[in-house]
2 protein chains.
Amino acid sequence: MTEEHHGDVSPVDGVLAALADPTRRQLLDLLAELGEVTATTLAEHLPISRQAVVKHLAVLDAAGLVTGRRAGREVLYAVRPAALNATARWMAALASDWDRRLATIKRLAEAAERDALPPDGEPRQS
Amino acid sequence: MTEEHHGDVSPVDGVLAALADPTRRQLLDLLAELGEVTATTLAEHLPISRQAVVKHLAVLDAAGLVTGRRAGREVLYAVRPAALNATARWMAALASDWDRRLATIKRLAEAAERDALPPDGEPRQS
DNA sequence: TTGATGTGCAACTCCACAGTTGCACATCAA
DNA sequence: TTGATGTGCAACTGTGGAGTTGCACATCAA
(Lines give C-alpha, C1' and ligand atoms only; values in the text may rest on other atoms or scores of the structure.)
Protein backbone atom coordinates (compact mmCIF):
# COMPACT_ATOMS: atom_id res chain seq x y z
CA MET A 1 0.00 0.00 0.00
CA THR A 2 1.97 2.90 -1.24
CA GLU A 3 0.69 6.41 -0.76
CA GLU A 4 -0.19 6.98 -4.39
CA HIS A 5 -3.52 8.69 -4.72
CA HIS A 6 -4.89 8.16 -8.22
CA GLY A 7 -3.69 4.87 -9.68
CA ASP A 8 -2.73 5.15 -13.32
CA VAL A 9 -3.02 1.51 -14.28
CA SER A 10 -6.80 1.64 -14.28
CA PRO A 11 -8.80 1.07 -17.47
CA VAL A 12 -9.21 4.83 -17.44
CA ASP A 13 -5.98 5.69 -19.23
CA GLY A 14 -6.87 3.45 -22.15
CA VAL A 15 -10.22 5.16 -22.49
CA LEU A 16 -8.68 8.62 -22.31
CA ALA A 17 -6.07 7.77 -24.93
CA ALA A 18 -8.79 6.34 -27.16
CA LEU A 19 -11.07 9.36 -26.79
CA ALA A 20 -8.22 11.79 -27.48
CA ASP A 21 -8.48 11.19 -31.24
CA PRO A 22 -11.28 13.13 -33.01
CA THR A 23 -11.66 10.46 -35.68
CA ARG A 24 -12.21 7.85 -32.99
CA ARG A 25 -14.86 10.00 -31.33
CA GLN A 26 -16.55 10.39 -34.72
CA LEU A 27 -16.38 6.63 -35.11
CA LEU A 28 -18.09 6.17 -31.76
CA ASP A 29 -20.83 8.61 -32.73
CA LEU A 30 -21.39 6.71 -35.97
CA LEU A 31 -21.54 3.41 -34.12
CA ALA A 32 -24.02 4.75 -31.60
CA GLU A 33 -26.15 6.06 -34.45
CA LEU A 34 -26.00 3.11 -36.81
CA GLY A 35 -26.10 0.35 -34.24
CA GLU A 36 -24.21 -2.76 -35.34
CA VAL A 37 -22.15 -2.18 -38.49
CA THR A 38 -18.96 -3.38 -40.16
CA ALA A 39 -15.68 -1.52 -40.51
CA THR A 40 -16.32 -1.27 -44.24
CA THR A 41 -19.65 0.45 -43.70
CA LEU A 42 -18.06 2.85 -41.24
CA ALA A 43 -15.31 3.69 -43.70
CA GLU A 44 -17.95 4.66 -46.27
CA HIS A 45 -19.13 7.37 -43.89
CA LEU A 46 -15.63 8.76 -43.31
CA PRO A 47 -12.90 10.26 -45.48
CA ILE A 48 -10.41 7.55 -44.49
CA SER A 49 -9.66 4.03 -45.67
CA ARG A 50 -11.14 0.86 -44.21
CA GLN A 51 -7.78 -0.14 -42.75
CA ALA A 52 -7.54 3.10 -40.82
CA VAL A 53 -11.01 2.41 -39.43
CA VAL A 54 -9.98 -1.11 -38.46
CA LYS A 55 -6.97 0.19 -36.55
CA HIS A 56 -9.12 2.73 -34.71
CA LEU A 57 -11.62 0.02 -33.85
CA ALA A 58 -8.78 -2.08 -32.45
CA VAL A 59 -7.81 0.78 -30.15
CA LEU A 60 -11.41 1.33 -29.09
CA ASP A 61 -11.80 -2.40 -28.48
CA ALA A 62 -8.66 -2.51 -26.33
CA ALA A 63 -10.11 0.39 -24.32
CA GLY A 64 -13.35 -1.54 -23.86
CA LEU A 65 -15.41 1.06 -25.72
CA VAL A 66 -16.52 -1.24 -28.56
CA THR A 67 -17.14 -4.90 -29.22
CA GLY A 68 -16.71 -6.86 -32.43
CA ARG A 69 -18.84 -9.88 -33.19
CA ARG A 70 -18.35 -12.23 -36.14
CA ALA A 71 -21.33 -12.86 -38.46
CA GLY A 72 -20.43 -14.98 -41.44
CA ARG A 73 -17.67 -13.28 -43.36
CA GLU A 74 -18.19 -9.90 -41.77
CA VAL A 75 -17.51 -8.45 -38.34
CA LEU A 76 -20.16 -6.29 -36.69
CA TYR A 77 -19.04 -3.67 -34.22
CA ALA A 78 -21.13 -2.08 -31.51
CA VAL A 79 -20.67 0.49 -28.79
CA ARG A 80 -20.08 -0.47 -25.14
CA PRO A 81 -21.05 2.05 -22.46
CA ALA A 82 -19.50 0.41 -19.37
CA ALA A 83 -15.94 1.71 -19.77
CA LEU A 84 -17.22 5.16 -20.64
CA ASN A 85 -19.37 5.23 -17.54
CA ALA A 86 -16.45 4.17 -15.35
CA THR A 87 -14.25 6.92 -16.78
CA ALA A 88 -16.96 9.53 -16.29
CA ARG A 89 -17.19 8.54 -12.63
CA TRP A 90 -13.41 8.64 -12.27
CA MET A 91 -13.35 12.15 -13.69
CA ALA A 92 -16.17 13.41 -11.51
CA ALA A 93 -14.40 12.03 -8.43
CA LEU A 94 -11.15 13.74 -9.46
CA ALA A 95 -12.90 17.07 -9.98
CA SER A 96 -14.59 16.72 -6.63
CA ASP A 97 -11.20 16.04 -5.02
CA TRP A 98 -9.78 19.20 -6.57
CA ASP A 99 -12.75 21.19 -5.33
CA ARG A 100 -12.19 19.84 -1.83
CA ARG A 101 -8.49 20.71 -1.83
CA LEU A 102 -9.05 24.20 -3.22
CA ALA A 103 -11.71 24.91 -0.61
CA THR A 104 -9.28 23.87 2.13
CA ILE A 105 -6.51 26.05 0.75
CA LYS A 106 -8.83 29.01 0.50
CA ARG A 107 -9.99 28.51 4.08
CA LEU A 108 -6.41 28.33 5.36
CA ALA A 109 -5.43 31.42 3.38
CA GLU A 110 -8.26 33.41 4.87
CA ALA A 111 -7.38 32.27 8.38
CA ALA A 112 -3.74 33.27 7.87
CA GLU A 113 -4.79 36.67 6.57
CA ARG A 114 -6.94 37.18 9.65
CA ASP A 115 -3.98 36.25 11.88
CA ALA A 116 -1.65 38.61 10.06
CA LEU A 117 -3.85 41.57 10.84
CA PRO A 118 -3.47 43.29 14.21
CA PRO A 119 -6.33 42.64 16.67
CA ASP A 120 -7.81 46.12 16.09
CA GLY A 121 -7.94 45.50 12.36
CA GLU A 122 -5.58 48.35 11.40
CA PRO A 123 -4.09 47.77 7.91
CA ARG A 124 -0.31 47.90 7.86
CA GLN A 125 1.32 50.63 5.78
CA SER A 126 3.18 49.57 2.63
CA MET B 1 -28.86 23.64 -38.01
CA THR B 2 -27.26 20.52 -39.33
CA GLU B 3 -28.24 17.18 -37.90
CA GLU B 4 -24.99 16.59 -36.06
CA HIS B 5 -25.56 15.18 -32.63
CA HIS B 6 -22.44 15.68 -30.52
CA GLY B 7 -20.61 18.84 -31.52
CA ASP B 8 -16.84 18.48 -31.55
CA VAL B 9 -15.90 22.12 -31.11
CA SER B 10 -16.74 22.09 -27.41
CA PRO B 11 -14.05 22.68 -24.78
CA VAL B 12 -14.29 18.94 -24.24
CA ASP B 13 -11.87 17.91 -26.98
CA GLY B 14 -9.15 20.11 -25.54
CA VAL B 15 -9.61 18.50 -22.14
CA LEU B 16 -9.56 15.00 -23.60
CA ALA B 17 -6.41 15.69 -25.60
CA ALA B 18 -4.78 17.16 -22.49
CA LEU B 19 -5.73 14.22 -20.28
CA ALA B 20 -4.53 11.69 -22.82
CA ASP B 21 -0.91 12.18 -21.77
CA PRO B 22 0.15 10.29 -18.60
CA THR B 23 2.77 12.91 -17.73
CA ARG B 24 0.11 15.59 -17.88
CA ARG B 25 -2.15 13.59 -15.54
CA GLN B 26 0.79 13.17 -13.17
CA LEU B 27 1.34 16.91 -13.34
CA LEU B 28 -2.29 17.52 -12.40
CA ASP B 29 -2.02 15.15 -9.47
CA LEU B 30 1.09 16.99 -8.28
CA LEU B 31 -0.64 20.35 -8.62
CA ALA B 32 -3.67 19.15 -6.70
CA GLU B 33 -1.39 17.84 -3.96
CA LEU B 34 1.06 20.74 -3.70
CA GLY B 35 -1.40 23.57 -4.24
CA GLU B 36 0.20 26.58 -5.93
CA VAL B 37 3.69 25.84 -7.25
CA THR B 38 6.04 26.90 -10.04
CA ALA B 39 7.02 24.90 -13.11
CA THR B 40 10.52 24.60 -11.69
CA THR B 41 9.22 23.00 -8.50
CA LEU B 42 7.07 20.61 -10.50
CA ALA B 43 10.05 19.61 -12.63
CA GLU B 44 11.97 18.67 -9.48
CA HIS B 45 9.28 16.06 -8.75
CA LEU B 46 9.42 14.57 -12.23
CA PRO B 47 12.07 12.89 -14.40
CA ILE B 48 11.73 15.54 -17.11
CA SER B 49 13.14 19.00 -17.69
CA ARG B 50 11.52 22.28 -16.66
CA GLN B 51 10.86 23.18 -20.29
CA ALA B 52 8.92 19.98 -20.84
CA VAL B 53 6.83 20.84 -17.77
CA VAL B 54 6.23 24.35 -19.11
CA LYS B 55 4.97 22.98 -22.42
CA HIS B 56 2.63 20.57 -20.64
CA LEU B 57 1.34 23.40 -18.46
CA ALA B 58 0.64 25.44 -21.60
CA VAL B 59 -1.48 22.59 -22.96
CA LEU B 60 -3.30 22.20 -19.66
CA ASP B 61 -3.86 25.95 -19.51
CA ALA B 62 -5.28 26.01 -23.04
CA ALA B 63 -7.65 23.22 -21.98
CA GLY B 64 -8.73 25.27 -18.97
CA LEU B 65 -7.43 22.70 -16.49
CA VAL B 66 -4.82 24.96 -14.89
CA THR B 67 -4.19 28.61 -14.22
CA GLY B 68 -0.90 30.48 -14.01
CA ARG B 69 -0.52 33.57 -11.84
CA ARG B 70 2.53 35.80 -11.77
CA ALA B 71 4.18 36.49 -8.39
CA GLY B 72 7.36 38.52 -8.70
CA ARG B 73 9.78 36.66 -10.94
CA GLU B 74 8.01 33.35 -10.66
CA VAL B 75 4.75 31.95 -12.01
CA LEU B 76 2.51 29.93 -9.70
CA TYR B 77 0.24 27.33 -11.26
CA ALA B 78 -2.90 25.88 -9.74
CA VAL B 79 -5.54 23.36 -10.69
CA ARG B 80 -8.94 24.38 -12.05
CA PRO B 81 -11.88 21.96 -11.65
CA ALA B 82 -14.48 23.64 -13.88
CA ALA B 83 -13.37 22.21 -17.24
CA LEU B 84 -12.90 18.78 -15.71
CA ASN B 85 -16.41 18.86 -14.28
CA ALA B 86 -17.87 19.88 -17.63
CA THR B 87 -16.09 17.03 -19.40
CA ALA B 88 -17.23 14.53 -16.79
CA ARG B 89 -20.82 15.62 -17.38
CA TRP B 90 -20.35 15.40 -21.15
CA MET B 91 -19.06 11.86 -20.82
CA ALA B 92 -21.84 10.75 -18.50
CA ALA B 93 -24.42 12.14 -20.94
CA LEU B 94 -22.77 10.32 -23.83
CA ALA B 95 -22.73 7.03 -21.92
CA SER B 96 -26.36 7.51 -21.02
CA ASP B 97 -27.17 8.12 -24.69
CA TRP B 98 -25.46 4.88 -25.65
CA ASP B 99 -27.36 3.02 -22.97
CA ARG B 100 -30.62 4.42 -24.31
CA ARG B 101 -29.87 3.42 -27.88
CA LEU B 102 -28.71 -0.06 -26.94
CA ALA B 103 -31.85 -0.61 -24.88
CA THR B 104 -33.99 0.38 -27.87
CA ILE B 105 -32.12 -1.95 -30.19
CA LYS B 106 -32.44 -4.83 -27.75
CA ARG B 107 -36.15 -4.20 -27.41
CA LEU B 108 -36.65 -4.18 -31.19
CA ALA B 109 -34.59 -7.33 -31.58
CA GLU B 110 -36.68 -9.18 -29.01
CA ALA B 111 -39.89 -8.04 -30.67
CA ALA B 112 -38.64 -9.26 -34.06
CA GLU B 113 -37.67 -12.59 -32.57
CA ARG B 114 -41.15 -12.97 -31.05
CA ASP B 115 -42.70 -12.28 -34.46
CA ALA B 116 -40.51 -14.88 -36.15
CA LEU B 117 -41.69 -17.62 -33.79
CA PRO B 118 -44.92 -19.49 -34.53
CA PRO B 119 -47.94 -18.40 -32.41
CA ASP B 120 -47.86 -21.56 -30.21
CA GLY B 121 -44.24 -20.90 -29.25
CA GLU B 122 -42.96 -24.26 -30.56
CA PRO B 123 -39.15 -24.16 -31.04
CA ARG B 124 -38.13 -25.00 -34.55
CA GLN B 125 -35.96 -28.06 -35.08
CA SER B 126 -32.35 -27.53 -36.18
C1' DT C 1 26.59 46.41 -8.98
C1' DT C 2 27.19 41.64 -8.83
C1' DG C 3 25.84 36.95 -8.48
C1' DA C 4 22.09 33.73 -8.09
C1' DT C 5 17.79 32.03 -9.33
C1' DG C 6 13.86 31.76 -12.37
C1' DT C 7 11.28 32.46 -16.67
C1' DG C 8 10.87 32.78 -21.90
C1' DC C 9 12.17 31.74 -26.60
C1' DA C 10 14.09 28.97 -30.36
C1' DA C 11 16.08 25.18 -32.73
C1' DC C 12 16.85 20.47 -32.78
C1' DT C 13 16.15 15.16 -32.25
C1' DC C 14 13.26 11.17 -31.86
C1' DC C 15 9.42 8.26 -32.04
C1' DA C 16 4.74 6.79 -31.71
C1' DC C 17 0.85 6.79 -34.49
C1' DA C 18 -2.59 8.05 -38.20
C1' DG C 19 -3.11 6.85 -42.70
C1' DT C 20 -1.87 4.59 -47.00
C1' DT C 21 -1.30 0.70 -50.47
C1' DG C 22 -0.86 -4.05 -51.95
C1' DC C 23 -1.94 -8.65 -51.62
C1' DA C 24 -3.48 -13.11 -49.62
C1' DC C 25 -7.30 -15.53 -47.66
C1' DA C 26 -12.27 -16.47 -46.45
C1' DT C 27 -17.13 -16.38 -47.49
C1' DC C 28 -21.41 -15.63 -50.09
C1' DA C 29 -24.23 -15.84 -54.47
C1' DA C 30 -24.59 -17.24 -59.32
C1' DT D 1 -16.46 -23.40 -60.12
C1' DT D 2 -16.28 -18.64 -60.81
C1' DG D 3 -16.72 -13.93 -59.61
C1' DA D 4 -17.76 -10.59 -56.10
C1' DT D 5 -17.39 -8.81 -51.64
C1' DG D 6 -15.23 -8.59 -47.17
C1' DT D 7 -11.62 -9.32 -43.76
C1' DG D 8 -6.60 -9.83 -42.18
C1' DC D 9 -1.71 -9.02 -42.48
C1' DA D 10 2.49 -6.45 -43.60
C1' DA D 11 5.40 -2.79 -45.14
C1' DC D 12 5.85 1.93 -45.94
C1' DT D 13 5.43 7.22 -45.49
C1' DG D 14 4.56 11.63 -43.05
C1' DT D 15 3.82 14.31 -39.27
C1' DG D 16 2.60 16.01 -34.71
C1' DG D 17 4.19 16.19 -30.28
C1' DA D 18 7.27 14.97 -26.17
C1' DG D 19 11.59 16.00 -24.67
C1' DT D 20 16.10 18.10 -24.91
C1' DT D 21 19.76 21.85 -24.88
C1' DG D 22 21.44 26.55 -25.17
C1' DC D 23 21.02 31.22 -24.38
C1' DA D 24 18.87 35.77 -23.48
C1' DC D 25 16.21 38.40 -20.25
C1' DA D 26 14.06 39.60 -15.70
C1' DT D 27 13.99 39.68 -10.76
C1' DC D 28 15.61 39.05 -5.97
C1' DA D 29 19.29 39.29 -2.27
C1' DA D 30 24.02 40.66 -0.99
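Side chains are part of it too, since the values below use all heavy atoms of this structure and drop only hydrogens, waters and symmetry mates. So you know, we letter chains A, B, ... as the sequences are listed, proteins then strands, and number each from 1.
- Both key distances under 3.5 Å define a Watson-Crick or G-U pair, and stretches of 3 or more such consecutive pairs in DNA chain D run C:1-30 with D:1-30.
- Rounded to the nearest 0.5 Å, atoms CZ (B:Arg101) and CG (A:Leu31) are 11.0 Å apart.
- In terms of position along DNA chain C, the nucleotide closest to A:Asp21 lies nearer the 5' end than the nucleotide closest to the other residue of the pair A:Asp21 and A:Gly72.
- In this structure, B:Glu44 places its CD atom 11 Å from C1' of C:dT5, rounding to the nearest Å.
- The CD-P distance, from B:Glu74 to D:dT27, rounds to 13 Å in whole Å.
- Put simply, CG on A:Leu46 and NE2 on A:His56 are 8.5 Å apart, with the number rounded to the nearest 0.5 Å.
- Within the structure, a side-chain polar atom (N or O) of A:Thr23 is placed less than 4.0 Å from OP1 or OP2 of C:dG19.
- Considering only the side chain of A:Arg73, C:dT27 comes nearest among C:dT20, D:dG8, C:dT27.
- Side-chain proximity of B:Ser49 to C:dT20, D:dT20, C:dG8: nearest is D:dT20.
- No donor-acceptor distance shorter than 3.5 angstrom exists from the side chain of B:Arg70 to the backbone of B:Val75, with no hydrogens or angles considered.
- In this structure, NE2 on B:His45 lies 11.0 Å from CG on B:Leu27, to the nearest 0.5 angstrom.
- A donor-acceptor pair is defined here as one N or O able to donate and one able to accept, closer than 3.5 Å; no such pair exists between the side chain of A:Thr41 and the backbone of A:Val37.
- Across residues 51-58 of chain B, B:Gln51, B:Lys55 each have a non-hydrogen atom less than 4.0 Å from an atom of DNA chain C (numbered order).
- Going from atom CZ of B:Arg24 over to atom P of D:dG17 covers 9 Å, rounded to whole Å.
- In terms of modelled atom types and a separation under 3.5 Å, the side chain of A:Arg25 and the main chain of A:Leu19 share a donor-acceptor contact.
- Rounded to whole Å, the distance from CG on A:Leu19 to P on C:dA18 is 13 Å.
- Taking atom CZ of A:Arg70 as the reference point, atom C1' of C:dT27 lies 9 Å away to the nearest angstrom.
- A distance-only check finds a donor-acceptor pair linking the side chain of A:Arg24 to the backbone of A:Ala17 [under 3.5 Å].
- Separating the CG atom of A:Asp13 from the C1' atom of C:dA16 is a distance of 16 Å, rounded to the nearest angstrom.
- Salt-bridge annotation for B:Glu44 and B:Arg50: absent, with no side-chain N of the basic residue lying under 4.0 Å from a carboxylate O of the acidic one.
- Side chain A:Arg50 to base D:dG8: a donor-acceptor pair is found below 3.5 Å.
- The CH2 atom of B:Trp98 sits 5.5 Å away from atom CG of A:Leu65, with the distance rounded to the nearest 0.5 Å.
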